[in-house]
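Quick note: residue numbers are just sequence positions, from 1. Just the heavy atoms: all of them, side chains too, but no hydrogens, waters or symmetry mates, feed the values below.
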Amino acid sequence: MQDITDYEIILVDDGSTDDSGAIADELLSAFRLSPFASRLQLRVIHQSNAGLSAARNTGIAAATGNYIMFVDSDDYLQPNVLGTLMEQVERDKLDVLRFRYQNVRESGETFAPYKDMTNYNDYSSTPTDGLTFLNERMGTQCYAVQFLVRREIVLEQFTPGIYFEDTDWTPRMFLRAERVASTDLVVYNYLRREGSITLSQKDINKMRKQLQDKMGLLERLNKWGNQVA
C-alpha cells in the first residue's frame, strides 16, 4: 500500500508465455469490485512480445499522470513511499527525482553486491540541471527504475530490441531535464533471481548481441557527449 491514492497503475503484458496475462486480468476484475476502484486507476494492456523497451514505451504512451516511474516484473516498491517522493518533487519543482533501491533475494533478504561502489553516487537533494547531474552526481547507477520523471521528460522513448536500454535512455532523458535531485529514501526492491534477464549470460548468441549493443551504445554516448561539450 501507498500513502497517496491519486495515481494510476498500468500493467503491460508483453506477450507472456506463462499465466502472467491471465493473472493481470484477474487482478483487474478483483480491483474493480474493491473499494480502491473509486480512488485508483488500474489498467492492463496486452501486446505481442516485443521486449522490455517496447513494454515500457507502451506504458509511457498510455500514462496520463504528471509523473511516471517504472516497476519491472518481479520487482516491487516499499510501502508508503510515493507521498514522500511527490512532496519533494512538488516542493522543489523537479523534472526528475532519483531514489535509492535495494537488492532482494526471493526469500526477501536484502543484500548489497556492489557495496564498494556506493560512494561514487551523489545523492544530494539540492536541485541541479540534467547535464550537471550526469557529469557530477550520476555515478555508476543509471537504472530507469530509480527515477520519478515528469511525463513530458519521459516521453523520450526507450530504444527497442537492445540490451543496456537503461544506459541508452538515461542520458537522453537527463538532457531534457532542467531540475534534477535525489533522495536517500529506499523506494525500490530489485529482485535478483536465477534466470532473470540480467543474470542469464551463458548463451553465446546472447553474449554476441550484448557485445554488439554495448559497442553501439558507446558510439551513441560519444556522439551525445560531443553535442553537449
Q) Checking salt bridge (charged side-chain N to carboxylate O under 4.0 Å, His left out) for the pair Arg56/Asp166: CA distance, chi angles, key distance, verdict? A) CA-CA 11 Å; Arg56 287 178 176 168; Asp166 288 2; 2.5 Å; yes
Q: Applying side chain to side chain contact (heavy atoms under 4.5 Å, CB included), run through Tyr67 and Glu152 and close with a yes or a no.
A: CA-CA 8 Å; Tyr67 289 85; Glu152 290 82 2; over 6 Å; no
Q: Please report the C-alpha distance between Asp72 and Val145 in whole Å, then the side-chain angles of each, then the deciding distance to 0.1 Å, and finally whether the side chain to side chain contact (heavy atoms under 4.5 Å, CB included) criterion is met.
A: CA-CA 8 Å; Asp72 290 344; Val145 296; 3.7 Å; yes
Q: Decide yes or no on salt bridge (charged side-chain N to carboxylate O under 4.0 Å, His left out) for Asp95 and Arg150, but give the supporting numbers first.
A: CA-CA 5 Å; Asp95 293 319; Arg150 190 183 299 277; 2.9 Å; yes
Q: Let me see the working for Gln146 and Gln141 under side chain to side chain contact (heavy atoms under 4.5 Å, CB included), right down to the final yes or no.
A: CA-CA 9 Å; Gln146 270 195 279; Gln141 298 172 351; 3.4 Å; yes
Q) So Val96 and Met173, side chain to side chain contact (heavy atoms under 4.5 Å, CB included) or not? Walk me through it. A) CA-CA 9 Å; Val96 184; Met173 179 270 291; 3.6 Å; yes
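Side chains of Asn135 and Thr132: no donor on one and acceptor on the other come within 3.5 Å. Side chains of Gln47 and Thr58: a donor on one and an acceptor on the other come within 3.5 Å. His46 and Asp14 are not linked by any side-chain donor-acceptor pair at a separation below 3.5 angstrom, with hydrogens and angles left out of the test.
In this structure, Asp25 contributes its side chain and Leu28 its backbone to no donor-acceptor pair below 3.5 Å. Judged purely by atom type and a 3.5 angstrom limit, Arg32 has no side-chain atom pairing as donor or acceptor with the backbone of Leu27. Glu165 places no side-chain N or O within donor-acceptor distance of the main-chain N or O of Ala144, the cut-off being under 3.5 Å. Side chain of Gln88 to main chain of Ser182: a donor-acceptor pair is present (N/O by atom type, distance under 3.5 Å, no hydrogens or angles). Formation of a donor-acceptor pair under 3.5 Å by the Ser38 side chain with backbone atoms of Pro35 is found in this model. Distance alone, capped at 3.5 Å, places no donor-acceptor pair between the Asp74 side chain and the Leu191 backbone. Listed for the Asp129 side chain is no donor-acceptor partner under 3.5 Å among the backbone atoms of Arg179. Between the side chain of Arg172 and the backbone N or O of Asp168, at least one donor-acceptor pair lies under 3.5 Å. Side-chain N or O atoms of Thr5 include none that pairs as donor or acceptor with a backbone N or O of Arg39 at under 3.5 Å.
Atom CD of Glu178 is surrounded by 12 or fewer heavy atoms from other residues, nucleotides or ligands within 6.0 Å. Crowding of Asp19 atom CG: a count of heavy atoms from other residues, nucleotides or ligands under 6.0 Å not exceeding 12. Counted within 6.0 Å of CD on Glu87, heavy atoms from surrounding residues, nucleotides or ligands total 12 or fewer; the atom is thus considered open. The environment of CG in Asn66 is sparse: at most 12 heavy-atom neighbours from other residues, nucleotides or ligands sit within 6.0 Å.
Closest of all the heavy-atom pairs between Ala181 and Ser125 is CB-O, 3.4 Å. In terms of heavy-atom proximity, Asp6 sits nearest to Leu40 at N-CD2, 4.5 Å. Shown here for Gly65 and Arg151, the closest heavy-atom pair between the two residues is O-NE, 2.7 Å. Ile45 and Ala62 get closest at one heavy-atom pair: CD1-CB, 3.6 Å. When every heavy atom of Pro160 is checked against every heavy atom of Ser53, the shortest pair comes out as CA-CB, 3.7 Å. Shortest non-hydrogen contact noted between Tyr163 and Lys209 is CE1-CG, 3.6 Å.
Aromatic rings from Phe70 and Tyr188 are positioned such that their centres are separated by 6.0 Å or more.
Criterion: ILVMFWY side-chain heavy atoms under 4.5 Å apart, direct or through other members. Under it, Phe158 and Ile10 are not part of a common hydrophobic cluster. Both Phe133 and Met69 sit in one connected hydrophobic cluster of ILVMFWY residues. Membership requires side-chain heavy atoms under 4.5 Å apart, directly or through other members. Cluster annotation: Leu175 and Leu218 are assigned to distinct hydrophobic clusters (Ile/Leu/Val/Met/Phe/Trp/Tyr, side-chain heavy-atom contacts under 4.5 Å, transitive). By the criterion of side-chain heavy atoms lying less than 4.5 angstrom apart, applied directly or through intervening Ile, Leu, Val, Met, Phe, Trp or Tyr residues, Val186 is not grouped with Val104; the two fall into different hydrophobic clusters. Residues Leu211 and Ile162 do not share a hydrophobic cluster, defined by chaining ILVMFWY side chains whose heavy atoms lie under 4.5 Å apart.
Distance check, rounded to the nearest 0.5 Å: CG of Leu97 to CE of Met86 gives 9.5 Å. Atom CG in Asn189 sits 11.5 Å away from atom OH in Tyr101 (nearest 0.5 Å). Note that the OH atom of Tyr143 and the OG1 atom of Thr167 stand 8.0 Å from one another [nearest 0.5 Å]. The OH atom of Tyr190 sits 7.0 Å away from atom CG of Asp75, with the distance rounded to the nearest 0.5 Å. Considering CD of Glu8 and CG of Leu42, their distance stands at 10.0 Å, rounded to 0.5 Å. Atom SG of Cys142 is separated from atom CZ of Phe174 by 9.5 Å, given to the nearest 0.5 angstrom.
By the 4.5 Å heavy-atom criterion applied to side chains, Gln210 and Phe164 are counted as neighbours. Annotation: side chain of Leu148 is in contact with side chain of Val89 (closest heavy-atom distance under 4.5 Å). Within the 4.5 Å cutoff, no side-chain heavy atoms of Phe99 are placed close to those of Gln78. The side-chain heavy atoms of Leu77 and Leu82, taken from C-beta on, include a pair separated by under 4.5 Å.
A cation-pi arrangement is found for Arg100 relative to Tyr123, the charged atom lying closer than 6.0 Å to the ring centre and inside a 45° cone about the ring normal.
A salt bridge is absent between Asp122 and Arg98; no separation between the charged side-chain nitrogens and carboxylate oxygens falls under 4.0 Å.
Exactly one residue among Leu94, Thr183, Ile4 makes a side-chain contact (heavy atoms from CB on, under 4.5 Å) with Leu85. That residue is Thr183.
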